[in-house]
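First comes the structure, then the notes that go with it.
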Amino acid sequence: MMIYQREFQSISENTIFRGDLYMSQYKHWIKSAEKDPSFPDKYNFVLIKTIKDLESLKKENIDADYCAWDIESTGLNPAEDNIVGVSIAFDSKTGYYIPINHLADPSLGDEALSIFYDIIMSMNKCFLFNCRFDMRFMEYAGYDMSEINYYDVQNACWLSDTNNKLPSLKEEALRFLGWEMQSYQETLGDEVSLYTVHPKDLTYYAATDAIATFALAGVTLDYYKESKPISEIDNKIFYPVMKVEEQSLNLNEQYLQEILDEARDELMELEKDIYKDFGHSFNIGSGQQLADAISKLGLDTGEYTKSGYMKTGKNLLDKLYQISGDEVLLKIIKYKELSKKINSYIEPLRRFARERPDAIRVCYHLNKVPTGRFASGRDKNNDFFITYNIQSSPKSEEEIWYTEHRPGNKDKSEFNIMGWEFSKEPISDRWLESSDSRRNVRRGFIPDEDYYWVSIDFKSEELFIPTMISGEPVWMEAFEENKDIHKQTAIRIFGEENYDKNKRQMAKACNFGILYGMNHYSLAERFNMEIKEAEQFINNYKRNLSTLFAWANRHKKKAKKTGTAYTYFGRPRRLAYYLNHDSYSMRSFGQRSAVNTTIQGSGADILKIVLWKLWNKVITHPDYSDAVDILAFIHDEICFQVRKDKMAEIIPKIVDIMEMQAPGWKLPLEVDFEIGHSWGLSFPFTFSSETGEFKPDYKIGDLD
DNA sequence: AAATGGGGCGCC
DNA sequence: AAAGGGCGCCCCATTT
């Protein structure tokens with residue numbers, strides 16, 4: 001009782017509840033360093049004025065093992081902007097600025113850049129802060145970076161506390177070194193092009209970046225070491241990811257235009273229809289106006305926003321429909337789905353396809369997600385990339401397709417793949433499930449001519465990982481015997497005799513939800529159950545998967561002790577701030593995150609490990625040059641394009657690499673793959689090593 | 001006019 | 001008191 005009281009009081013004193021507040025007041029795991037009073041006075045900033053000076057610098061440092069360097073450019077887009085100069089440091093005391101392309105002298109030109117290239121290529125390690133930016137600029141300037149020894153310092157800073165998204169050089173220098181750095185932009189404003197700035201005015205700012213990067217490499221090395229072996233993989237994959245990002249994806253503009261027109265027409269009809277039902281027009285996209293309109297019909301979703309108006313989320317509207325039967329609610333849901341699809345996906349893609357068809361580049365952030373996943377989206381203020389999150393591209397509904405071997409029609413349409421015809425018409429008794437071909441956004445992504453789009457994903461990765469880590473026998477058996485894991489879970493909980501499809505759905509939702517800490521209130525809400533019933537269900541669920549939950553509990557305790565949750569491969573996530581917080585909800589968040597980080601994060605680790613192997617053994621392999629490319633990363637799925645004549649050679653190699661078995665795991669991962677003429681219109685296939693042939697993964701006879 | 005935060009929703 | 005992890009982009013309403 002006492003404990004409950006104390007907790008209750010501390011909550012009323014704290015107004016920290018949910019959402020972004022988990023981050024807004026977050027305190028970094030590393031205590032900030034004392035201010036370094038010797039910075040910048042005791043440091044040297046040197047402008048290289050002649051080629052001769054640069055040659056001397058090269059000679060003086062011919063035996064150096066390490067350097068840090070940094071590019072100054074006219075902008076962020078290497079396809080459009082230019083290198084203005086480069087800074088370099090061989091220790092953390094002295095930084096040099098080498099002007100390459102300035103309006104005023106000294107401006108040493110390409111010859112200097114070439115000498116600079118020789119210097120950095122001779123190093124055992126180049127310390128770089130956000131290495132892809134600098135390497136990309138060098139490659140666009142004509143210098144091959146594939147053989148450079150780089151070490152990304154931003155990554156090491158991030159590993160010290162991965163809750164800190166995209167660490168900045170300035171903030172990390174303050175935290176770890178106590179240096180108060182000022183950027184050039186801060187002093188003189190953004191609009192000034194560095195090209196017109198005099199080299200001597202840029203020297204201090206550019207050279208501090210180099211020495212700060214050098215110094216940070218040293219003081220964050222412990223975190224890199226702590227995070228081995230996965231930190232080494234993190235570091236190695238920057239170059240491969242950079243090359244994946246650099247490719248322009250092909251979009252089918254005509255198709256995107258067609259579905260855009262169609263979707264817009266339907267949306268207008270829907271809009272008219274909704275106005276008619278309400279008797280007046282309003283902005284359906286405005287939460288407030290929509291809430292107002294629905295309230296006036298006498299309907300209430302029962303949930304309200306902070307600012308006091310009724311919430312009108314799709315789930316709430318659907319529930320309200322279940323109660324009231326009011327058809328207009330379904331129309332609103334449809335309207336929301338369609339406008340989302342148009343505004344976030346179809347229209348932007350159509351626009352990119354039209355305006356910049358050769359520059360459909362997708363950005364991945366590698367030091368942003370606390371668990372270690374990649375994030376996809378725009379690179380702020382850098383239009384080298386499109387503003388598009390490829391990882392959230394909509395999937396169309398699954399539907400039944402029929403297939404038949406018709407090698408004569410081979411590849412004459414997007415419905416014939418390797419001699420197999422696919423149709424919604426029952427052209428044979430062989431059937432399988434795949435995405436709808438209608439208004440299918442992913443169908444807008446197409447490979448180069450003479451290539452297939454190949455998507456390969458890990459089978460049930462998010463359940464496989466906790467199974468291998470915990471040894472949970474119920475799930476282990478399902479994986480070992482290749483059974484449907486959700487069905488097996490449902491049978492275990494409800495008993496074989498009570499099993500039905502609905503029970504499977506429920507078990508499936510729980511398999512993902514409860515493991516991450518979903519409680520009985522949410523479960524009851526989601527499945528329209530009594531709270532008591534939901535509570536019983538969860539208890540039953542946990543009892544039947546006792547090995548799994550015993551692991552989860554041990555894991556939470558361990559995280560509390562060390563303040564850190566580690567992935568299976570060693571990536572840390574700091575949780576001390578949450579686990580020791582006054583607020584109950586913050587502590588709960590910490591516990592949920594401890595379990596989730598290890599599962600989600602180990603999955604992310606696997607993607608990175610596999611990428612590194614694929615890069616070396618397949619993508620850059622001389623036998624497969626121009627025959628295979630990685631096109632996208634979707635967490636547990638990698639999209640490739642594979643040249644048609646090399647399919648049988650390459651796909652088994654990729655599969656073999658992806659189906660890795662981590663040390664200590666009872667089983668290897670398994671993958672599924674789909675092949676098609678686009679991302680959206682692709683079908684599950686299998687490969688037989690005996691015949692060397694691909695075959696759709698179909699079933700024969702009755703649909704079940 | 002531009003920046004910001006909330007609500008909402010697409011994906012894994 | 002709040003009650004599943006992770007992300008980015010959209011629109012809107014409000015603030016600067």
Side-chain angles (χ1 to χ4, degrees), chain A residues 4 7-20 22 24 162-163 165 283-291 303-307 309-317 333 336-337 339-345 347-348 362-365 368-380 386-395 441-442 457-458 460-462 509-526 531 534-535 538 565 573 583-601 603-604 607 633-637:
Chain A
Y4 182 79
E7 287 187 339
F8 184 80
Q9 279 170 11
S10 71
I11 290 152
S12 9
E13 285 157 16
N14 278 290
T15 49
I16 299 159
F17 298 118
R18 276 208 61 79
D20 293 340
Y22 285 138
S24 69
T162 61
N163 296 306
K165 298 163 198 299
N283 187 348
I284 307 169
S286 158
Q288 289 179 27
Q289 292 182 43
L290 182 59
E303 287 194 35
Y304 294 84
T305 68
K306 277 187 213 163
S307 38
Y309 62 88
M310 191 175 83
K311 285 193 173 194
T312 52
K314 263 174 54 178
N315 286 343
L316 290 173
L317 294 184
I333 290 172
K336 281 168 174 260
E337 285 172 350
S339 57
K340 166 94 173 169
K341 212 171 208 180
I342 292 171
N343 294 331
S344 294
Y345 304 102
E347 195 282 330
V362 172
C363 172
Y364 295 93
H365 289 296
K368 195 163 193 186
V369 184
T371 59
R373 272 188 174 181
F374 293 179
S376 153
R378 81 175 139 194
D379 190 19
K380 214 174 168 233
I386 55 173
T387 298
Y388 185 77
N389 177 359
I390 197 167
Q391 295 175 328
S392 73
S393 299
K395 289 178 103 167
V441 172
R442 294 187 178 201
D457 69 303
F458 296 108
S460 303
E461 193 187 23
E462 291 247 309
C510 293
N511 284 346
F512 292 108
I514 295 178
L515 191 53
Y516 302 146
M518 184 197 246
N519 68 13
H520 49 284
Y521 292 97
S522 308
L523 186 71
E525 184 130 335
R526 181 153 170 187
I531 288 171
E535 198 175 1
I538 290 181
R573 179 175 182 189
S583 143
Y584 172 82
S585 52
M586 290 293 247
R587 290 197 300 280
S588 302
F589 175 76
Q591 295 189 6
R592 295 194 294 269
S593 298
V595 175
N596 178 260
T597 294
T598 297
I599 298 170
Q600 188 188 107
L607 182 80
F633 305 104
I634 323 286
H635 305 305
D636 66 346
E637 167 187 357

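Lettering of chains follows the sequences in order, A, B, ..., and the numbering in each one begins at 1.
Using bins of under 30°, 30° to 60° and over 60° for the plane-to-plane angle, the ring pair Y22(A)/F589(A) lands in the parallel bin.
Set against dG5(C), dG8(B), dC7(C), the side chain of T312(A) has dG8(B) as its closest nucleotide. Checking dC11(B), dG5(C), dC12(C) against every side-chain atom of S286(A), the shortest atom distance belongs to dC12(C).
Summarising the base pairing, dA1(B) is matched to dT16(C) through a Watson-Crick or G-U wobble pair whose two defining distances lie under 3.5 Å.
When each of S307(A) and K380(A) is assigned the nucleotide of DNA chain B bearing its nearest heavy atom, the one mapping closer to the 5' terminus is K380(A).
Considering only side-chain N and O atoms, R573(A) lies nowhere under 4.0 angstrom from the phosphate OP1 or OP2 of dG5(C). Regarding contacts with the backbone of dC9(C), a side-chain N or O of R378(A) is found under 4.0 angstrom from either OP1 or OP2. A close approach under 4.0 Å does occur between a side-chain nitrogen or oxygen of K306(A) and OP1 or OP2 of dG6(B). Close to dG10(B), at under 4.0 Å from its OP1 or OP2, lies no side-chain N or O of N389(A). The phosphate of dG4(C) has neither OP1 nor OP2 within less than 4.0 Å of any side-chain N or O from Q591(A). Between K336(A) and dG10(B) there is no side-chain polar atom (N or O) within less than 4.0 angstrom of OP1 or OP2.
If you check distances only, the side chain of R526(A) does reach the base of dG4(C) with a donor-acceptor pair under 3.5 Å. Counting distance only, with no hydrogens placed and no angle test, the side-chain atoms of K314(A) and the base atoms of dC9(B) include no donor-acceptor pair under 3.5 Å.
Per the geometry, CG belonging to L290(A) stands 21 Å off P belonging to dC10(C), to the nearest Å. Atom CD of Q288(A) and atom P of dG7(B) are 10 Å apart (whole Å). Separating the CZ atom of R373(A) from the C1' atom of dG8(C) is a distance of 13 Å, rounded to the nearest angstrom. Atom CD of E461(A) and atom P of dG6(C) are 17 Å apart (whole Å).
With H365(A) contributing its side chain and R378(A) its backbone, the two residues share a donor-acceptor pair below 3.5 Å. Side-chain atoms of N519(A) come within 3.5 Å of backbone atoms of S522(A) as a donor-acceptor pair (strictly under, hydrogens ignored).
Among the candidates T371(A), N163(A), T598(A), the single residue satisfying the side chain to side chain donor-acceptor pair (under 3.5 Å) test with R573(A) is N163(A).
Defined by atom type and a distance below 3.5 Å, a donor-acceptor pair is missing between the side-chain atoms of S344(A) and Y388(A).
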